[in-house]
Amino acid sequence: MPKNTHSPALTKHHKIALAGVAALGAASIAFSAVPSSADTTVTGSPETAAKVVYGTEQIKDVKGSVTDQLALQNLKVEAIAAKQKAAGAHTLHVAHVKQAHAAHVKHVAAQAAKQAAATKAAKARAAQQAASRAAQRPQVQQVVAKTYGNNLDGWIRQALDIMKAKGIPGSYSGLHRNIMRESSGNPMAINNWDINAINGIPSKGLLQVIPPTFSTYHVAGTSWDIYNPVANITAAANYAAHRYGSIDNVNSAY
């Protein structure tokens with residue numbers, strides 16, 4: 001045998017409507033069996049017997065009342081269904097709005113992450129390029145300024161450094177020996193009695209240099225003051241190098 005099929009569950013309002021239809025149908029069948037002008041007698045004991053009379057107008061009134069009730073119930077059912085449909089549509093709209101908002105937030109976050117990654121990469125490239133440029137620049141060696149004492153030892157050592165840079169030969173001992181013989185280490189010494197003095201060009205300074213010789217053999221970068229210790233030593237050593245090969249070769253007046 002084929003299985004019974006079940007219809008969808010009936011709501012309370014549908015059940016009431018169906019009950020009304022069933023009652024109306026039963027009443028219609030009963031009334032149609034009896035003429036409108038006839039009388040119906042219920043048999044039984046004399047004490048309980050009663051006459052029931054059914055009229056056509058009564059049947060019409062019952063039918064109209066049931067029909068109105070059914071129409072009202074249908075309207076109510078339709079109103080409830082419409083309300084539920086509207087609520088479902090609103091829920092679906094809210095879900096779509098939330099989904100769209102979530103997608104927008106995700107897109108914004110992705111764009112921000114992309115921008116941050118691009119900025120980080122740009123900074124890394126800039127740092128790498130700066131490091132590359134720094135590596136390509138020639139390294140500048142810092143030279144600490146050398147200091148010399150303001151005394152005979154300091155003057156000789158400073159003069160030797162200048163002589164070395166200019167290619168003028170000479171040693172510490174050669175300079176010191178000649179200085180002590182010529183001026184005893186006095187940078188302001190002057191000879192006012194020899195032939196040079198008589199000629200008006202007295203010897204001056206640590207190595208007793210006459211002005212014409214100082215001007216001719218002056219070493220660039222030193223003072224033009226003949227009494228300046230370093231300028232006097234370097235000019236005298238330069239003259240001795242040209243005349244004797246080196247100040248070290250001078251052992252007497254020169």
I need the Ile247 CD1 to Ile179 CD1 distance, nearest 0.5 Å.
8.5 Å
Answer yes or no: does atom CD of Gln111 have more than 12 heavy-atom neighbours from other residues, nucleotides or ligands under 6.0 Å?
yes
Minimum heavy-atom distance Pro169-Gly245, with the two atoms named:
CG-O, 3.3 Å
Heavy-atom nearest pair, Leu160 first then Ser171, reads CD2-C, 3.9 Å
Ignoring hydrogens and geometry beyond distance, is a side-chain donor-acceptor pair present between Tyr148 and Asp161 at under 3.5 Å?
yes
About how many Å separate CG of Leu207 and OH of Tyr239, when rounded to the nearest 0.5 Å?
12.0 Å
Where the side chain of Asn196 meets the backbone of Ser203, is there a donor-acceptor pair that is under 3.5 Å apart?
no
So CG of Leu152 and CD1 of Ile233: to nearest 0.5 Å the spacing works out to 6.5 Å
Residues Glu182 and Ala253: closest non-hydrogen pair is OE2-CA, 3.8 Å
Heavy-atom neighbours of Trp224 CH2 exceed 12 at 6.0 Å:
yes
Do Asn191 side-chain atoms and Gln208 backbone N/O form a donor-acceptor pair below 3.5 Å?
no
Using 30° and 60° as the class boundaries, would you call the ring planes of Phe214 and His218 parallel, tilted or perpendicular?
perpendicular
Non-hydrogen side-chain atoms of Trp193 and Ile198 separated by less than 4.5 Å
no
Donor-acceptor check, side chain of Asn232 to backbone of Ile226, threshold 3.5 angstrom: yes or no?
yes
Between Asn238 and Val219 (side chain of the first, backbone of the second, donor and acceptor by atom type, cut-off under 3.5 Å), is there such a pair?
no
Regarding Asn251 and Arg177, is there a side-chain donor-to-acceptor distance under 3.5 Å anywhere?
yes
